[in-house]
Every structure is written in C-alpha cells, then in structure tokens.
Amino acid sequence: MKRQPKTTNRKLKLLWIAAVVLLIILLLLILMVSLANGRHERDLLTRIANEQTQSATAGMATATHTAFESEVSVTETETPPPVVVLQPTMTLIPPLNPEDWQRWPILPDRISPEMLAVYQGGKENGNRGNAFSKVGDSNSMMPSFLSCFDYGEVGYTIGEYTALEETISHFQRSFSRNSRAAANGITAMGLDTYHWYEDDVCWPYESATSCEYRLWQPSIAFIALGTNDAFMPIADFEKHLRSLVQKSLDRFVVPILVTKADNIEEDGSFNRVIAQVAADFQVPLMNLWRAMESLPGHGLRENDVHPTFNMQELCNFSGDDLSRFGWTVRNLTSLQALDRVWRLLNHLPLPD
C-alpha cells in the first residue's frame with residue numbers, strides 16, 4: 001500500500017485548523033452582533049421608558065396644579081359653612097359637681113360632639129328629623145304638655161316668640177302625639193323595664209320607651225321623671241334613668257333630660273342625680289326647676305306636684321301668664337329647648 005506524503009498530511013491539518021478558527025471567528029462575530037443589537041434594544045427601551053416617565057410626571061404636575069387651582073377657586077368663590085364649636089354639653093357646669101345643678105342654664109347652650117354623632121347615626125338609621133317623643137309621667141302627657149302647638153292659632157298665642165314658629169312647623173304631629181312612654185304615676189323603672197299595654201302594638205318584654213322609639217322613630221326625646229320615683233330608693237331611680245338614656249342613645253335618639261319643678265324629697269337630690277346623668281352622658285339638660293323658680297308657689301298647685309294653669313289656655317305667651325302659671329312656663333320652656341337642641345344639632349343659627 002502506498003503511503004501519503006507527510007507534506008500532504010500537514011496541509012490537511014492546517015486546513016482543519018483554519019476551518020475551526022474561521023468557524024470560531026464567525027461565531028464570535030455573530031455573538032458580537034447579537035450583543036450589539038440587544039444593547040441597542042435595551043437603550044431604546046430605556047429611552048422610551050424615560051420619555052414615558054417624564055410625560056407622566058409632567059401630567060401629574062399639571063393635574064396637581066389644575067386641582068390646586070380648582071381648590072383655590074372653590075375656596076375663593078364659595079361661602080364656607082358656619083363653624084360649630086364642638087364642646088361638651090355642660091362646659092359651663094363642672095361635670096363632677098352636680099351640687100351646682102340649680103345654677104345650670106335653663107336651656108342647653110351647646111351640643112356635645114357625642115350628641116352630634118348620635119344624631120348623625122339617627123339619620124343613617126331611619127330616625128325622623130322632624131319627630132320627637134315624650135318619655136315621662138303625668139306632667140309629660142297630652143293634652144297639657146306641648147299639645148297646643150299642633151292646633152295653630154286655636155291652640156296657642158305666640159306673642160313675641162315668633163322665631164319659634166319654624167320649630168312648631170317642623171315638628172308638627174309630635175306635639176299632640178299620645179306617647180307610648182308617658183303615663184300617670186309612672187316611674188323610671190316602669191318605663192325602663194316592661195310595657196303595661198294590653199294591645200299587641202308593643203312587643204312582649206319590650207319596654208314602653210323602646211316601643212315608643214320603634215313606633216315613632218324620633219330624633220329627639222324629652223325624658224322628664226323623678227317625681228313618682230321620689231318614693232323609692234334614689235339609687236333605683238339613677239339606675240333606671242341611666243338605662244333610659246342608654247336606650248335612647250342605642251337607638252340614636254338625642255335625649256333632653258328635664259329637672260323636676262317639685263322638691264318632694266326635700267333636699268333636691270333627685271334633680272342632682274338628673275344633672276349628674278346629663279353630665280356623665282354629655283346630653284342636653286333643660287332646667288325646668290330654675291325656669292319655674294320665680295313663679296308663685298314655684299309654679300305648682302298647692303300641696304301638689306302638677307303645674308298651675310290658666311283655666312282658658314295653656315300656651316298664651318302674649319300676656320302675663322308667663323309670670324303666673326307653671327304650665328305656660330313649662331310649655332314655652334320646652335318648646336325653646338326643643339328649638340335650641342334641634343338648631344344646634346343641624347348647625348342652624350339660633351334666634352335672637
């Protein structure tokens with residue numbers, strides 16, 4: 001067999017090496033091109049992203065500037081709402097000094113933030129802003145207590161208190177309502193525990209107060225008790241009065257506590273409890289005792305706990321009845337308290 005020359009083998013090896021080198025070079029060139037394209041693509045994407053970011057930033061700045069200009073424009077052109085100072089109801093009365101209850105103002109002069117929240121909750125839960133309820137004994141029953149305001153000129157003579165006409169109109173039908181939570185001889189315990197009705201309107205084991213609130217859905221309620229409770233331990237009265245207030249707040253009803261005009265317990269202790277409960281719960285208080293203080297016999301019939309009255313009318317505010325009769329003063333003062341609380345709850349201006 002004839003052997004190939006060594007020179008030929010060497011040439012073949014060199015060709016193979018050259019081919020491999022060329023292949024490597026070709027691969028390197030392809031890789032370099034790919035890397036260059038990738039870098040170019042990344043640079044392009046980065047540039048686009050930067051441009052988008054700058055555009056978005058400029059848009060946000062423009063939007064912010066526009067919103068600011070709009071806010072400034074509104075601030076400059078609109079009339080701001082009236083400012084209501086949210087302070088505790090009894091700011092003028094030290095809440096831990098109930099002995100001062102005789103000097104508390106006749107009408108509440110401000111509304112606590114707590115009661116504003118309760119009132120707002122009532123709006124959201126279906127309570128009627130033009131309805132109030134009466135929770136009390138014989139002195140809270142119709143036709144004597146407030147009913148006159150549902151009968152127009154036949155029922156009352158407004159005299160100089162014409163600013164109260166708006167409140168009278170707003171709360172029509174509540175004045176003469178036969179409340180489920182008002183009864184002769186009733187006590188705080190009687191209104192707090194169970195109802196005494198024989199019909200099926202109030203539910204079994206439902207208190208008369210809860211029944212009244214469920215049926216009438218008021219936003220405000222007068223709670224005037226203590227006279228009949230004076231024959232029971234004062235601790236029981238306080239316990240059930242607090243429970244009645246809590247029942248009211250649980251149903252988003254703003255209670256107006258009322259001091260009693262009598263002092264059959266002889267030391268004013270029941271009115272002190274009423275004032276203490278009002279301070280503790282930050283609820284409005286109408287100081288009926290002070291309102292009737294200057295009347296003959298403190299505005300009460302002789303040897304009685306019921307107000308004196310004009311045989312012809314109970315709500316004549318144009319003559320001298322306000323200086324003579326307890327019922328005239330009680331009805332006017334209660335209307336004023338209702339007007340005051342309603343206006344404060346709704347941020348309305350108070351009448352002069």
Would you check if the side chain of [X] reaches a backbone N or O of [Y] as a donor-acceptor pair within less than 3.5 Å?
| X | Y | value |
| --- | --- | --- |
| Asp267 | Ser269 | yes |
| Asn228 | Asp137 | no |
| Lys260 | Leu288 | no |
| Thr308 | Gly326 | yes |
| Thr209 | Ala181 | no |
| Asp229 | Gly226 | yes |

Smallest separation among heavy atoms of [X] and [Y], with atom names:
| X | Y | answer |
| --- | --- | --- |
| Asn263 | Gly268 | OD1-N, 2.8 Å |
| Pro307 | Met292 | CB-CE, 4.3 Å |
| Pro143 | Ser147 | O-CB, 3.2 Å |
| Leu146 | Ser334 | CD2-CB, 3.8 Å |
| Leu300 | Asp304 | CB-O, 3.9 Å |
| Leu257 | Ala278 | CD1-N, 3.7 Å |

> Among all residues two or more places apart in sequence or in another chain, which pass the side chain to side chain contact (heavy atoms under 4.5 Å, CB included) test with Arg290?
Replying inline: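 If we apply the side chain to side chain contact (heavy atoms under 4.5 Å, CB included) test to Arg290, skipping adjacent residues, the hits are Ile106, Asn287, Glu293.
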
Just checking [X]: does its [atom1] atom have more than 12 heavy atoms from other residues, nucleotides or ligands closer to it than 6.0 angstrom?
| X | atom1 | result |
| --- | --- | --- |
| Asp320 | CG | yes |
| Asn178 | CG | no |
| Glu266 | CD | no |

Flag for [Y]-[X]: side-chain donor and acceptor within less than 3.5 Å:
| X | Y | result |
| --- | --- | --- |
| Asn310 | Asp321 | yes |
| Thr227 | Asp262 | yes |
| Ser219 | Trp342 | no |

To the nearest 0.5 Å, tell me how far [X] [atom1] sits from [Y] [atom2].
| X | Y | atom1 | atom2 | answer |
| --- | --- | --- | --- | --- |
| Leu335 | Ile158 | CG | CD1 | 6.0 Å |
| Ser144 | Trp327 | OG | CH2 | 5.0 Å |
| Leu314 | Cys148 | CG | SG | 7.0 Å |
| Glu206 | Cys211 | CD | SG | 4.5 Å |
| Glu238 | Ile274 | CD | CD1 | 10.5 Å |
| Leu285 | Leu107 | CG | CG | 10.5 Å |

> Are Trp289 and His298 an aromatic pair by the rule of ring centers under 6.0 Å?
Replying inline: yes

>> Just to verify, which of Trp216, Phe132, Phe149 counts as forming a ring-ring contact (aromatic ring centres under 6.0 Å, His included) with Phe171?
In response: Phe132

>> So if I apply the side chain to side chain contact (heavy atoms under 4.5 Å, CB included) rule between Ile220 and each of Leu345, Asn127, Val253, which one comes out positive?
In response: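 So, applying the side chain to side chain contact (heavy atoms under 4.5 Å, CB included) to Ile220 and each of Leu345, Asn127, Val253, only Leu345 qualifies.
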
> Do the side chains of Ile111 and Pro284 get nearer than 4.5 Å, heavy atoms only?
Replying inline: yes

>> A side-chain contact here means heavy atoms from C-beta on lying under 4.5 Å apart; do Ile168 and Tyr156 qualify?
In response: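 Touching, per the 4.5 Å side-chain cut-off.
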
> Looking at Arg177 and Glu212, does any basic side-chain N land under 4.0 Å from a carboxylate oxygen?
Replying inline: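 Counted as a salt bridge, because a side-chain N and a carboxylate O are separated by less than 4.0 Å.
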
>> Strictly below 4.0 Å, N to O, side chains only: are Glu265 and Arg272 in salt-bridge contact?
In response: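 A salt bridge is absent here (no side-chain N lies under 4.0 Å from a carboxylate O).
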
>> Is the positively charged end of Arg330 above the ring of Phe145, judged by distance under 6.0 angstrom from the centroid and angle within 45° of the axis?
In response: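 The answer is yes; both the distance and angle limits are met.
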
